[in-house]
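These notes concern the structure reproduced below.
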There are 2 protein chains.
Amino acid sequence: MWAVTGPEKPRRTTAQDVAAPKRTSGATAPAPPRRTAPEPARRTAAPEPALRASAPRKTRATVHDVAAAAGVSRGTVNRVLNGGYVSTDARAAIEAAIAQVGYVPNRAASNLARQRSQAVGFLALEPHSLLLEDPNIGAIMLGANAALSLADHQMVSLVIDSDRDTQRVGRYLSGGFVDGAIIVSARSHDPITRLIAEIGLPATFVGHPPDLARTIPFVGIDNVGSARAITGRLMQTGRQRIGMIAAALDRDSGADRLTGFKEALGDRFDPQLVADVPLYDYAYGVKGMRALLDREPEIDGVFAASDAVAAGALETLREAGRRVPEDVGLVGFDDSSWALRAQPQLSTVHQPAREIGRTAAESVLQQIGGVEPVELSVLLDSPVVWRHSA
Amino acid sequence: MWAVTGPEKPRRTTAQDVAAPKRTSGATAPAPPRRTAPEPARRTAAPEPALRASAPRKTRATVHDVAAAAGVSRGTVNRVLNGGYVSTDARAAIEAAIAQVGYVPNRAASNLARQRSQAVGFLALEPHSLLLEDPNIGAIMLGANAALSLADHQMVSLVIDSDRDTQRVGRYLSGGFVDGAIIVSARSHDPITRLIAEIGLPATFVGHPPDLARTIPFVGIDNVGSARAITGRLMQTGRQRIGMIAAALDRDSGADRLTGFKEALGDRFDPQLVADVPLYDYAYGVKGMRALLDREPEIDGVFAASDAVAAGALETLREAGRRVPEDVGLVGFDDSSWALRAQPQLSTVHQPAREIGRTAAESVLQQIGGVEPVELSVLLDSPVVWRHSA
DNA sequence: CTGAAAGCGCTAACAT
DNA sequence: ATGTTAGCGCTTTCAG
């Protein structure tokens, strides 16, 4: 059809036409059924595998085809696609043509021409376990997505789960697929961090200030201050032997929470009463609490570095026959669903995760727009939520 | 100036150059070389990139620049980039040039030329709450990513959280940014489902068979059979009054689990003993269990449609003074972390989430490669895990 | 208001 | 082995 249409020279002979996968159809013998032999009778029951969609993907219509079908030039087609002055007749004809040939714009091509992608990458550099369970990062994603969506940008979230992924994502980031990136919990030495700086991709960090690059905007909360605040209230309510289950000391948030704890306690701080564990995780909460109980059976106040950790601690306390909050006061951090589900509900520090995501998105959007962020880092409010565990 | 450089014809006079904001400064100043302008002087020892990353993003080097710097043609550069015969000298020169000019390939352009993106979209069409907390979808993602990674494909996960998102993601999917897609828990009427079918994008569904399109591959588990199995064991252990908290009956998985429950019970099935709730959620577990307890105080066996639901039910039972498993046997579904964290740990049905992701990825990869999947749908094994709650 | 033409940065077929 | 030359599909001047 389009090949012979109009004055245009006969376009392409698409490689696909030539290289079309030659299936040796004759083979009636189906390859051995994969894994679990699904009793064919079960669900499926699709007797007509004929209508398959894939097949040699039909070569899609282009502006060219539309133009030809409408009897106008590509320029005009483009004008109706994106705003522009077009006569009503032409517009009608073109719209008809679009429908007729089933035209769907190729954004990729458009991006190349425009030199921008209208997309922003979202990377969470967390260990799997957290990626899977931490509701915070989900909320941050949703917040970021909402903001980007408003600005008509596509958020594409990229998972990094191996060195190979790091490479590939690096290529993706620097390959023109995104105009910017939001990076959650990067460490300074993360290869991606360096890359971002190198290629000068607009980006903002969340959850960990980029020591390395003091030049990249950061959105987060004041971990030190909040830890201080919640520990303070533990003191005010009369707890005498207050300990902490510190977690993830290798990352800023973890270290900061411990710092805040120390600051609040001042002279009363006793290193013996700090158990430290590697991750913000329920299981480590159990472990940490056991350690604390061992070292100081008289302990009557505990600040767990996160709600998940607190939940683990709570379980341990219960097993040890300690009542919460009567015998020991327990507080967490994050205000995640762990806090609400615990029995009793946990007093904790509220992390405005959604807001954080939104703010981060706005920050990259600004950068993309060429605006220097007024302040390199912004700390959002993270109020203490007083519930029943202390 | 650059117009007389080298043998290449004076490439484009980029519109921008003309339209460039005319600085009123001294006439001596050469026209500000915007974008492309292959002025040789450029790269050499970046003179104070002002440290900041953003600003007018420095115009990136292209194959052209590399070719020029190495004194070869673009074709040759391309050959060293992607495999091809290149003399050692040329290769060395080019590699040096690449490093010198700081060349980073523009994958977007390459994709356009090659007509493929080496990327696969991942969409989870779940209500937020689940997206945030359901560890299953995280595991599926990780599994899919691993498989795609092996095949050197980038997984890009797209979140749909509003109608606007649906539109945008639709454009993204049909805009040439991905070669295929993995779609988790779509319903037949989901706009995306239709779209996929329309544009004939290689795709496979997870978690819900596409009624609408019996033509699109599906990966999942046998919900009916597994529900039947676990309910059966509840019966075998002597429970007399067995009820179910059915959830999400509007989706296949939910409906199937109920079906399996009925099948297992046969004559003994009593509709009164089924409480149904809208979502696989802890809070609904609480609600559902209360309803059941109201209707039948003598209840001594409960099949909750998911572990989260079971956890809620467990809490309610505890509050009602029922001991598990002594007074009532309780089983869940999913084998998520809820099951392990519960006290006692839940007997449940194991969902091979990671495997599911992997399998789905392999399925789209096959389709992309032009291979028709041998079987349209594959059901993976989902064994019962017997623990302590029943 | 519309058409023509030059690109975006890279790939691939075709000559050397 | 290397250079040349068309494109990929869309955007954006610049004439008319």
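The structure displayed is predicted, hence computed values, not measured ones. A note on names: the letters A, B, ... follow the listed sequences, proteins ahead of strands, and every chain is numbered from 1.
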Is any side-chain nitrogen or oxygen of [X] closer than 4.0 Å to OP1 or OP2 of [N]?
X	N	value
A:Thr62	D:dC8	no
B:Asn78	C:dC10	no
B:Ser110	C:dG9	no
B:Gln115	D:dG9	yes

(request) Convert the base pairs of DNA chain C into dot-bracket notation, remembering that pairs crossing earlier ones are written with [ ] and that bases paired across to another strand are shown as |; include only Watson-Crick or G-U pairs under 3.5 Å. (result) ||||||||||||||||
(request) Would you mind classifying the nucleic acid contact of B:Asn106 as base, sugar-phosphate or nothing, using non-hydrogen atoms under 4.0 angstrom? (result) sugar-phosphate
(message) What contact category does A:Ala108 fall into here, base, sugar-phosphate, or nothing, at under 4.0 angstrom with non-hydrogen atoms?
(response) nothing
Give the rounded distance in Å between these two atoms: [atom1] of [X] and [atom2] of [N].
X	N	atom1	atom2	answer
B:Arg116	D:dC8	CZ	C1'	13 Å
A:Ile98	D:dC10	CD1	C1'	13 Å
B:Arg107	D:dC8	CZ	C1'	16 Å
B:Arg74	D:dG7	CZ	P	14 Å
B:Ile94	D:dT2	CD1	P	8 Å
B:Leu112	D:dC10	CG	C1'	8 Å
B:His64	D:dT4	NE2	P	10 Å
B:Asn111	D:dC10	CG	C1'	15 Å

(message) Judged by each residue's nearest nucleotide on DNA chain D, which is more toward the 5′ side, B:Ser87 or B:Ala113?
(response) B:Ser87
(message) Taking the nucleotide of DNA chain D with the nearest heavy atom to each, does B:Thr76 or B:Ala109 sit closer to the 5' end?
(response) B:Thr76
Checking the side chain of [X] only, and the main-chain atoms of [Y] only, is there a donor and an acceptor separated by less than 3.5 Å?
X	Y	answer
B:Asp190	B:Ile192	no
B:Thr166	B:Ser162	yes
A:Asp179	A:Ile368	no

(request) Before accepting this row, confirm whether a basic side-chain N of the pair A:Arg60/A:Asp65 lies closer than 4.0 Å to the acidic partner's carboxylate O. (result) no
(message) Within the supplied structure, the quantity of interest is the number of heavy atoms (other residues, nucleotides, ligands) at a distance under 6.0 Å from B:Arg168 CZ; does it exceed 12?
(response) yes
(message) Taking CG in B:Asp163 as the centre, count heavy atoms belonging to other residues, nucleotides or ligands within less than 6.0 Å. Is the count above 12?
(response) no
(message) Applying side-chain contact (heavy atoms from CB on, under 4.5 Å) to B:Ile183 and B:Val206, what does each step give before you reach the verdict?
(response) CA-CA 6 Å; B:Ile183 295 138; B:Val206 165; over 6 Å; no
(message) If you only use heavy atoms from C-beta on, which nucleotide in D:dT4, C:dC10, D:dT11 is closest to the side chain of B:Ser73?
(response) D:dT4
(message) On DNA chain C, does the nearest nucleotide to A:Gly75 precede the nearest nucleotide to A:Tyr85 from the 5' side, or the other way round? Give the residue.
(response) A:Tyr85
(request) Give a yes-or-no answer on whether the side chains of A:Asp165 and B:Ser149 include a donor-acceptor pair shorter than 3.5 Å. (result) yes
